[in-house]
Amino acid sequence: MVPLEEQLKRLKRRAVDIIPESDLIKKLERALRTQKPLRVKLGVDPTSPDIHIAIGVVLQKLRDFQDCGHTAVLIVGDFTARIGDPSGRSAQRKMLSKAEIEENMQRYQEQALKILDPHRLEVRYNSEWLEGMSFDKLLELASKYTVAAMLEREDFAKRFQANVPISLVEFLYPLAQAYDSVAIQADVELGGEDQRFNLLIGRAIQERYGQEPQVCFIAAPVLEGIDGVKKMSKSFGNYVGVTDPPNEMFGKLMSIPDALIERYVTFMTDLNWEEIKRLHPKEQKQRLAHAIVTRYYDEATADAALAEFERVFARKERPTEVQKIYLDKSVLKPNGTVWIVELIAPLAKSRSEAKRLIEQGAVELDSVKITRTDQDVPFRDGLLVKVGKHTFAELHIQ
RNA sequence: GCCGGGGUACCGAAGCGGCCAAACGGGACGGACUGUAAAUCCGUUGGCCUAUGCGCCUACGGGGGUUCAAAUCCCUCCCCCGGCACCA
């Protein structure tokens with residue numbers, strides 16, 4: 001195990017809040033003394049198997065704990081995911097079957113292992129202890145917390161005041177999460193800023209079950225998505241996935257609003273903001289994008305992504321690799337032409353959409369802008385189509 | 001359970017018998033400008049049809065009805081909100 005000073009330095013780096021820090025130090029000291037690693041819990045949601053780079057920040061912190069010699073305990077909230085949430089607040093949590101959860105977690109783990117160390121890792125499903133919980137046990141759990149305390153959560157308080165429904169399940173949900181901490185005897189629980197309330201409940205509940213309360217470790221703020229407005233989330237479509245292909249990852253990061261650069265640089269990279277901030281914003285983003293691609297792939301890949309970006313968007317050249325689209329041979333006319341709309345339709349949501357895109361000047365065929373829909377164009381194998389700024393495709397007939 | 005208000009497109013919200021694929025705002029998308037930034041400006045925003053046509057189909061919570069014609073009127077069911085009642 002790593003010496004205390006070093007552990008602290010590493011763990012506190014970029015941490016948003018540690019509640020309370022003195023407990024963390026105490027626990028770390030004891031771990032060193034007894035050579036018993038701390039159990040560091042992180043709850044994961046099996047409804048979304050895709051990890052984005054904001055969650056990556058939290059996983060990174062979990063990795064720090066592992067590197068200090070502690071045990072990471074991933075709690076898969078499979079039980080809660082199967083129940084669903086009737087009041088369906090922000091993103092309606094849809095109910096999942098056992099098989100779906102299993103599959104999602106398979107994918108999740110693959111991605112998480114891009115960050116975590118498989119050796120100091122324990123994965124547990126909370127159905128293990130929640131599924132068989134009897135009603136009297138549930139009542140016991142419920143008796144350990146009060147409505148008043150629940151209403152301290154801002155979101156609940158607001159909704160309560162505004163008469164927006166709050167399902168009882170929403171009260172039970174944090175209790176279930178808290179009970180997870182009891183079940184696995186967590187020493188530390190990690191989470192983003194949005195989890196602060198839940199982590200604190202875990203701490204309180206453990207104490208009421210006669211356990212030493214966990215340290216609540218806020219590892220990341222709520223990071224905005226690439227739109228710079230809403231929090232990063234798959235359901236808002238404003239995320240960068242840790243498995244996004246390098247070029248896409250790079251491109252997405254280049255399109256973030258300037259106001260976001262500092263936060264991303266600070267929380268997602270080891271770059272020195274004081275240095276970076278002197279550069280031109282475009283340069284700043286390039287550094288950021290390069291650093292993040294390097295983290296999830298490697299430096300050579302990041303170099304290539306940078307070069308490709310310059311090539312396609314700065315110099316407006318054709319990308320080195322383009323998706324291939326195969327058209328049915330029935331669209332090809334005897335004279336070797338294809339109606340333009342047939343050509344674009346596979347790249348649009350609908351044929352009407354394809355037509356609109358053409359009329360709006362979003363379409364280029366072999367770098368020639370097309371704006372009329374009532375025309376047939378000569379087809380050649382490998383014809384290059386560009387739709388909007390981002391989408392390229394090479395067309396073939398099948 | 002009773003009384004009242006409400007359920008319209010991705011979201012918010014108009015419309016309250018025909019001119020409604022549905023005003024307006026937001027979002028999203030496309031274009032111009034740029035640094036694939038922001039701001040701004042312009043345009044698009046159900047689907048289908050070789051396709052700009054007073055074309056066809058689907059759509060205003062579900063179902064049924066009145067009418068030449070319904071998002072708009074009537075019946076019924078479901079859901080949400082508020083008030084009252086109930087309170088083991």
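As the structure is a prediction and not an experimental result, all values here were calculated from the model.
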- Query: Which listed nucleotide (G43(B), G35(B), C48(B)) is nearest to the side chain of Ser352(A)?
  - Reply: C48(B)

- Query: OP1, OP2 of A51(B) versus side-chain N and O of Thr373(A): anything below 4.0 Å?
  - Reply: no

- Item | Nucleotide of U45(B), A51(B), A37(B) approaching Asp258(A) most closely (side-chain heavy atoms) | A37(B)

- Task: Would you check if Gln323(A) and Phe392(A) make a side-chain contact, meaning some heavy-atom pair closer than 4.5 Å?
- Result: no

- Query: Taking only N and O in the side chain of Ser350(A), is any of them less than 4.0 Å away from OP1 or OP2 of G47(B)?
  - Reply: yes

- Determine the contact category for Pro257(A): base if any of its heavy atoms lies under 4.0 Å from a base atom, sugar-phosphate if only primed atoms, P, OP1 or OP2 are that close, otherwise nothing. sugar-phosphate

- C1' atoms of C60(B) and C41(B), separation to the nearest Å: 33 Å

- Query: With respect to the phosphate group of G47(B), does any side-chain polar atom (N or O) of Arg351(A) fall under 4.0 Å of OP1 or OP2?
  - Reply: no

- Query: Can you tell me the Watson-Crick or wobble partner of A51(B), both distances under 3.5 angstrom?
  - Reply: none

- Query: Looking for any heavy atom pair under 4.0 Å, which part of the strands does Glu359(A) touch: base, sugar-phosphate only, or nothing?
  - Reply: base

- Quick one: which of G31(B), U44(B), C29(B) gets closest to the side chain of Lys389(A)? G31(B)

- Query: Closer than 4.0 Å, any side-chain N/O of Arg356(A) to the OP1 or OP2 of G31(B)?
  - Reply: no

- Message: With a 3.5 Å cut-off and heavy atoms only, can you find an N or O donor on one side and an acceptor on the other between the side chain of Gln360(A) and the base of G43(B)?
- Response: yes

